[in-house]
Amino acid sequence: EAGVAQSPRYKIIEKRQSVAFWCNPISGHATLYWYQQILGQGPKLLIQFQNNGVVDDSQLPKDRFSAERLKGVDSTLKIQPAKLEDSAVYLCASSHVTGTDTQYFGPGTRLTVL
Amino acid sequence: KQEVTQIPAALSVPEGENLVLNCSFTDSAIYNLQWFRQDPGKGLTSLLLIQSSQREQTSGRLNASLDKSSGRSTLYIAASQPGDSATYLCAVISNQFYFGTGTSLTVIP
């Protein structure tokens with residue numbers, strides 16, 4: 001079974017620039033999550049999708065972050081404009097059905113904002 | 001809001017030693033608790049999932065326990081190996097996943 005795929009693996013941008021991350025979940029997984037992991041901290045949920053609908057985006061900074069999951073499969077997370085404090089690893093995860101099922105994580109995208 | 005704490009933040013042990021990692025949480029109304037391993041530059045790998053009705057789960061040299069009433073979970077690693085070196089994260093699952101800050105484990109050959 002193929003795992004969760006993410007790209008790019010690394011990204012360096014200057015503040016105020018825009019950036020987008022892509023995630024392809026495990027086939028058949030209805031639930032998709034985006035997490036932000038700042039160095040030395042645990043992952044923090046940004047947004048959770050069930051198929052192509054948003055279940056929870058309460059911790060997503062909506063003034064600069066946006067995410068979509070078209071057709072209930074792939075997802076993109078965008079930051080526009082980026083700030084220095086957005087430097088982190090962005091992890092995508094998927095689970096079979098509900099939010100309480102085991103989550104499978106991708107390798108993450110390491111973002112550095114200069 | 002659920003808060004998850006992991007102690008110690010870092011641990012270094014000689015190979016072969018048994019060790020315990022601790023996880024505590026503030027709200028006992030949880031569905032499940034899950035332990036993950038994170039290697040540098042990689043995503044999280046699930047180790048054990050304990051449902052709220054269970055008290056422990058075992059997989060190989062790993063044993064995780066859960067005491068909901070006291071808001072605690074422990075991950076026991078037997079006969080540690082250098083390949084166990086990684087960061088171990090616990091996640092408490094209620095309406096969403098709440099992660100601790102992790103314990104960085106180094107097993108010295």
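Labels below follow one simple rule: chain letters A, B, ... track the order of the sequence lines, proteins then strands, and each chain is numbered from 1.
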Decide if atom [atom1] of [X] counts as having more than 12 heavy atoms of other residues, nucleotides or ligands within a radius under 6.0 Å.
X       : atom1 : answer
B:Glu17 : CD    : yes
A:Gln41 : CD    : yes
A:Lys44 : NZ    : yes

| B:Phe36, part contacting chain A, at a heavy-atom distance under 4.5 Å | side chain
| request: Please look at B:Gln51 and chain A and tell me whether the side chain, the backbone, both or neither of the residue comes under 4.5 angstrom of a heavy atom of that chain. | output: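 For B:Gln51, no heavy atom lies under 4.5 Å from chain A.
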| request: Sort A:Gln37 into side chain, backbone, both or neither according to what part of it lies under 4.5 angstrom from a heavy atom of chain B. | output: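 The side chain, not the backbone.
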| So which of B:Thr45, B:Thr101, B:Leu44 has the biggest tally of heavy-atom pairs under 4.5 Å with chain A? |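 Between B:Thr45, B:Thr101, B:Leu44, the count favours B:Leu44.
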Identify which of [options] forms the greatest number of heavy-atom pairs closer than 4.5 Å to chain B.
options                              : result
A:Pro43, A:Gly108, A:Gly40, A:Pro107 : A:Pro43
A:Ala93, A:Cys92, A:Gly42            : A:Gly42
A:Leu91, A:Leu45, A:Val55, A:Val89   : A:Leu45

| query | Can A:Gln103 and A:Tyr35 be counted as having a side-chain donor-acceptor contact under 3.5 angstrom? | reply | yes
| query | By side chain to side chain donor-acceptor pair (under 3.5 Å), which residues pair with B:Thr74, not counting sequence neighbours? | reply |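 So B:Thr74 forms a side chain to side chain donor-acceptor pair (under 3.5 Å) with B:Ser65.
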| request: Quick one: sort the A:His96 and A:His29 rings into parallel, tilted or perpendicular, breaks at 30° and 60°. | output: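 Geometry flag for A:His29 against A:His96: perpendicular rings.
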